[in-house]
Amino acid sequence: MQSIMIIKNVKVYTEERIFEERSIYIEGGRFVSPSVYYERRAAGEENREQEEEIIDGKGCYAVPGLIDLHFHGCMGADLCDGTKEALRTIAEYEASVGVTAIAPATMTLPVKELEKILSTAAEYARRQTERFAGIQEKDGTSQISKPCADLVGINMEGPFISRAKKGAQDAANIIPCDVAVCEGFLEASEGLVKFIGIAPEESEGAEDFIRAVKDKVHVSLAHTNADYDTADAAFRAGADHAVHLYNAMSSFTHRTPGVIGAAADNEHVWAELICDGVHVHPAAVRAAFKMLGAERIVLISDSMRAAGMPDGTYTLGGLEVNVRGNKATLASDGALAGSVTNLMDCMRTVVKEMQIPLETAVACATINPARRLGIEDDYGSISEGKIGDVVLFDKNLDLKLVVKRGEVL
């Protein structure tokens with residue numbers, strides 16, 4: 001008989017994007033409705049009382065586990081390390097801070113190296129259920145007992161990007177967008193790749209590329225210097241996503257609105273926002289919400305391997321990065337190089353420092369990324385049948401408890 005967890009006296013975030021006072025029931029790692037719970041009690045199931053774990057969350061808010069669909073690493077590990085050990089380190093840390101599902105991002109690396117990284121991630125995802133259960137890997141590596149974030153996708157920033165807006169990407173590995181190369185990525189990842197970024201101004205056949213792959217993967221505009229017309233044409237061809245809005249893209253001005261203006265005008269386009277307090281000014285964050293609407297915005301961390309680590313020198317995509325406080329910059333030219341802030345802290349910053357309502361911020365870190373990734377049947381809300389991932393925090397938004405698949409971290 002499966003045990004049941006009951007979290008009582010909490011303000012629960014609902015699919016209607018509001019908080020309401022009620023209890024949460026989790027059985028077999030998934031949410032169940034109160035009616036199911038009480039029906040089973042009324043039926044007199046044996047030992048039901050002994051198998052209940054009751055948590056009193058009085059005074060706390062309860063939200064679904066957060067979902068980060070664009071970050072590179074944390075705790076000294078990076079997706080592009082290309083190892084299962086790095087993925088475990090990342091997944092364990094993310095779960096510990098309330099980010100219970102992840103879609104980390106690649107850097108601009110040689111094609112064969114990227115395919116190997118994607119293949120390793122695909123194998124990790126296939127065997128994740130075993131790792132949750134603590135079963136030893138076939139290669140003899142150590143058992144994993146800690147609950148960790150679910151690997152639900154991969155976000156590819158490169159290699160089809162612009163040298164002019166490469167940011168912390170290695171220009172030596174940038175190539176024009178290519179359908180065959182893209183399909184190789186999808187095959188290597190066994191469908192785990194959910195986003196493929198391009199700079200449409202860099203390839204004459206960019207619109208043909210978009211039309212060829214848009215039904216297999218989300219095409220995003222990433223690290224691009226495209227003007228409004230070029231970006232608009234790409235979106236009309238089927239691209240539907242903008243990587244870290246404002247950053248590593250053409251500027252938004254009253255005469256040259258660029259990618260940002262085109263994204264706002266094309267209502268099927270969603271946009272990522274890094275809200276660590278470094279990458280985007282609070283006024284620009286508020287402006288993005290007004291232009292696109294909260295339904296189309298996804299909060300991301302874009303964190304690198306230095307997240308959760310002390311100040312020092314680290315690497316990102318093979319490039320040296322200096323980290324001081326909450327700012328990471330390339331050693332070569334001082335350019336911003338991702339963030340060192342996890343998504344939970346980003347969400348907290350959005351609310352406390354950028355005046356975005358809590359209900360809106362939570363949606364942009366849970367419901368919206370789940371929909372973008374196509375995993376809303378299992379993630380993104382505290383609803384019957386979905387995976388039992390819950391985060392509790394107090395009125396100051398300080399983290400109090402993380403529950404992963406019905407298990408307290």
Side-chain angles (χ1 to χ4, degrees), residues 69-70 80 103 105-119 153-252 256-272 317 372-374:
L69 61 68
H70 186 150
C80 287
T106 57
M107 295 294 289
T108 298
L109 299 169
V111 169
K112 292 301 180 184
E113 186 173 344
L114 285 170
E115 289 178 345
K116 185 177 179 181
I117 291 165
L118 297 174
S119 179
I154 290 176
N155 190 335
M156 297 197 73
E157 272 194 276
F160 308 138
I161 60 173
S162 161
R163 285 174 171 79
K165 293 292 182 180
K166 64 181 178 62
Q169 308 280 343
D170 190 344
N173 298 313
I174 294 173
I175 60 175
C177 56
D178 184 292
V179 173
V181 172
C182 177
E183 290 180 343
F185 292 152
L186 298 180
E187 182 178 357
S189 74
E190 299 177 18
L192 199 60
V193 170
K194 305 299 182 182
F195 302 91
I196 186 79
I198 71 166
E201 76 280 9
E202 294 296 320
S203 302
E204 289 186 5
E207 291 175 40
D208 291 334
F209 171 88
I210 294 168
R211 294 187 186 97
V213 304
K214 67 181 179 65
D215 294 329
K216 303 174 184 177
V217 65
H218 292 293
V219 179
S220 54
L221 268 56
H223 290 267
T224 172
N225 204 30
D227 59 18
Y228 175 89
D229 290 337
T230 305
D232 182 65
F235 290 138
R236 290 178 182 277
D240 62 359
H241 196 81
V243 167
H244 43 51
L245 200 71
Y246 295 113
N247 294 107
M249 65 176 56
S250 49
S251 298
F252 176 77
T256 56
V259 175
I260 298 165
D265 278 351
N266 285 273
E267 295 185 357
H268 70 286
V269 176
W270 294 51
E272 306 168 357
R372 265 287 79 179
L373 288 161

If only atom types and distance count, is the side chain of Ser189 paired as donor or acceptor with the main-chain N or O of Leu192 below 3.5 Å?
yes

(Q) I want to check something: taking the side chain as every heavy atom from C-beta on, are Lys194 and Leu69 in contact at a cut-off of under 4.5 Å? (A) no

SG (Cys177) and CD1 (Ile196) are apart, to the nearest 0.5 Å, by 9.5 Å

Please examine the side chains of Ile198 and Ser203, heavy atoms only from C-beta on, and report whether any two atoms are closer than 4.5 Å. no

Tested for side chain to side chain donor-acceptor pair (under 3.5 Å) against His223, the lone hit among Arg163, Lys166, Glu157, Glu202 is Glu157

Shortest non-hydrogen pair, Gly317 vs Asp170, comes out as O-CB, 4.4 Å

Practice task
Would you please say whether a donor-acceptor pair under 3.5 Å links the side chains of Asn155 and Glu272?
Solution key: yes

- Message: If you define the side chain from C-beta out and look only at heavy atoms, does anything of Val259 sit under 4.5 Å from Phe252?
- Response: no

Correct closest heavy-atom pair for Asn173 and Thr108 would be ND2-O, 3.3 Å

### Task
Report yes if the side chains of Asp265 and Phe235 come closer than 4.5 Å at any heavy-atom pair, otherwise no.
no

| request: Determine the interplanar angle of the Phe209 and Phe160 rings, folded into 0 to 90°, and report it as parallel if under 30°, tilted if 30 to 60°, perpendicular if over 60°. | output: perpendicular

Heavy-atom check, side chain of Glu201 versus side chain of Thr224, under 4.5 Å: yes

Practice problem: Would you mind checking if Arg236 and Asp229 are paired as a salt bridge, meaning a charged N to carboxylate O distance below 4.0 Å? | Solution: no

*asked:* For Ala226, is there any backbone N or O sitting under 3.5 Å from a side-chain donor or acceptor partner on Ser250?
replied: yes

Distance col, row Leu118:CG vs Glu113:CD, nearest 0.5 angstrom, shows 11.0 Å

The residue among Asp232, Thr230, Asn225 that forms side-chain contact (heavy atoms from CB on, under 4.5 Å) with Pro200 is Thr230

Problem set entry | Pairwise side-chain contact, Met249 with Leu221, heavy-atom cut-off 4.5 Å (strictly under) | no

Sidechain N-carboxylate O distance under 4.0 Å for Glu115, Lys112
yes

In Thr106, Val217, Leu114, the residue satisfying side-chain contact (heavy atoms from CB on, under 4.5 Å) with Phe185 is Leu114

Here the pair of heavy atoms bringing Leu373 nearest to Ala103 is CD2-CB, 4.0 Å

Q.
If you define the side chain from C-beta out and look only at heavy atoms, does anything of Leu245 sit under 4.5 Å from Ile260?
A. yes

Looking only at heavy atoms, the pair that brings Ser220 and Phe195 closest together is OG-CB, 4.4 Å

Worksheet item: For the side chain of Asp178 and the backbone of Val181, is there at least one donor-acceptor N/O pair under 3.5 Å apart?
Response: yes

Does a side-chain heavy-atom distance below 4.5 Å link Thr256 with Asp227? no

**Study point:** Enclosure of Glu187 CD (heavy-atom neighbours >12, cutoff 6.0 Å)
**Key:** no

Problem - Any donor-acceptor N or O pair under 3.5 Å, side chains Asp240, His268 - result: no

Closest heavy-atom pair, Pro159 versus Leu109, reported as atoms and distance to 0.1 Å, is CB-O, 4.3 Å

